[in-house]
2 protein chains.
Amino acid sequence: MKQSAPELLKKSGLKVTKQREAILDILLSSPAHLTAEDIYLDLKAKSLDFGLSTVYRTLSSLEEHRIVEKTGLPGDTGKQYYEIAHLGHRHHLVCVKCKRCIVLDECPVESFTAAVCKAHGFTLTGHSFEIFGVCPDCQN
Amino acid sequence: MKQSAPELLKKSGLKVTKQREAILDILLSSPAHLTAEDIYLDLKAKSLDFGLSTVYRTLSSLEEHRIVEKTGLPGDTGKQYYEIAHLGHRHHLVCVKCKRCIVLDECPVESFTAAVCKAHGFTLTGHSFEIFGVCPDCQN
DNA sequence: GTACCTGCAAATTGTTTGCCCCCAG
DNA sequence: CTGGGGGCAAACAATTTGCAGGTAC
């Protein structure tokens, strides 16, 4: 299931540049939910100092090609979060304090979502199921 | 369950002003998911031309008092959405094209969320369960 | 070689703040 | 009357865009 960054880029007809490769690598290796700035700082930490706009532009094209997904988190300060697209499936357990995020494998709602869509005449494109809580470390 | 705007304000120790009343009324009568600008324009349509900052400030205090919730939507352009707080419960069927939003009453995952939290040592604060699709009107 | 990509800086857009006047309690 | 609340404009923050030069293919 896991693909390498250059492969993914090539498959979508995008030119393979070290900027894109590095950005995609970060997203692939992160558990989840990164902001554009997170990525920018992460790059800096690796002494890869690209412009912030490159990060944004790369994220947009990756989003257009359905490689990553953009999302918002509840109660947050208006930043956008990016993560590798999982074909419309997101199941996370998120700590509301430290934003740590655990990926859930189970999906107990597949049949439910399909039924709801059918009932309302919608064409299902995906769903998001996120549980919010305070993780053990943040409970003091 | 449904309360009037002045009641809700008074109960939280907030002064009742026509601005707050009007903004809260809009939120109460909307099916869901409004941006600050939506509210601003809605007010204008009713010839209630308050400043945009009043809308934001009102929304913040309402949020502090747990009357409304702020949230982000997947794939969106970086705006914050506001809606009446349902104590951490959100179950929506959202059209990815027109953003129309249907509120779901059922919650098939109550016990599942509790179990997941327990398994990871988290203290549950809420969950979000949203289904995305294309509504009948947008299918052409 | 050409079209697409990057970098920088300036422009936009969404949201917050400061200051002063005003109204609800 | 008094303090929180509202209006306006300026500040801030996140993201986008225009343009000149570079680089993958």
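Here is how names work: the chains are called A, B, and so on, in the same order as the sequence lines, proteins then strands, and each is numbered from 1. Being a predicted model, the structure only gives us computed values, none of them experimental.
- Both A/L14 and B/T35 lie near DNA chain C, and the one whose nearest nucleotide falls closer to the 5' end is A/L14.
- When atom types are taken as modelled, the side chain of B/Q139 and the backbone of B/V134 share a donor-acceptor pair closer than 3.5 angstrom.
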Practice problem: Apply ring pair (Phe, Tyr, Trp, His ring centres under 6.0 Å) to the pair B/H92 and A/H127, showing each step before the final yes or no. | Solution: CA-CA 10 Å; B/H92 294 146; A/H127 65 269; over 10 Å; no
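- For the pair A/I26/A/I23, no side-chain contact is recorded, criterion being any heavy-atom separation below 4.5 Å from C-beta on.
- A sub-4.0 Å separation between OP1 or OP2 of C/dC23 and a side-chain N or O of B/T17 is absent.
- If you take CG of B/L9 and P of C/dG25, they are 10 Å apart, rounded to a whole angstrom.
- Summarising the geometry, the separation between CD on B/E21 and P on C/dA24 is reported as 11 Å, rounded to the nearest angstrom.
- At whole-Å resolution of the value, OH in B/Y82 and P in C/dG14 are 12 Å apart.
- Among the nucleotides C/dG14, C/dG7, C/dC5, the one closest to any side-chain atom of B/K79 is C/dG14.
- Base contact: B/R57 has a heavy atom under 4.0 Å from a base atom.
- Put simply, CD on A/Q80 is 12 Å from C1' on C/dT13, counting in whole angstrom units.
- Under 4.0 angstrom from either OP1 or OP2 of C/dG7 there lies at least one side-chain N or O belonging to A/Q19.
- At distances below 3.5 Å, at least one donor-acceptor pair connects side-chain atoms of B/T125 with backbone N or O atoms of A/F132.
- Reading DNA chain D from its 5' end, the first and the last nucleotide to sit under 4.0 Å from a heavy atom of chain B are D/dG3 to D/dA9.
- The residue B/S53 sits close to a base: some heavy atom pair falls under 4.0 Å.
- Nearer to the 5' terminus of DNA chain C, by closest-nucleotide assignment, is the contact made by A/G51 (compared with the other of A/G51 and B/K15).
- For B/S29 (side chain) and B/D25 (main-chain N/O), a donor-acceptor pair under 3.5 Å exists by modelled atom type.
- A donor-acceptor pair under 3.5 Å is formed between the side chain of B/R20 and the backbone N or O of B/K15.
- Atom CG in A/L52 sits roughly 13 Å away from atom C1' in C/dT6 (whole-Å rounding).
- Summarising the geometry, the separation between CD on A/E64 and C1' on C/dC4 is reported as 13 Å, rounded to the nearest angstrom.
- Between B/Y56 and the phosphate of C/dT16, there is no side-chain N or O to OP1/OP2 separation shorter than 4.0 Å.
- Looking at heavy atoms from C-beta onward, A/E83 lies out of side-chain contact with A/C101 at the 4.5 angstrom threshold.
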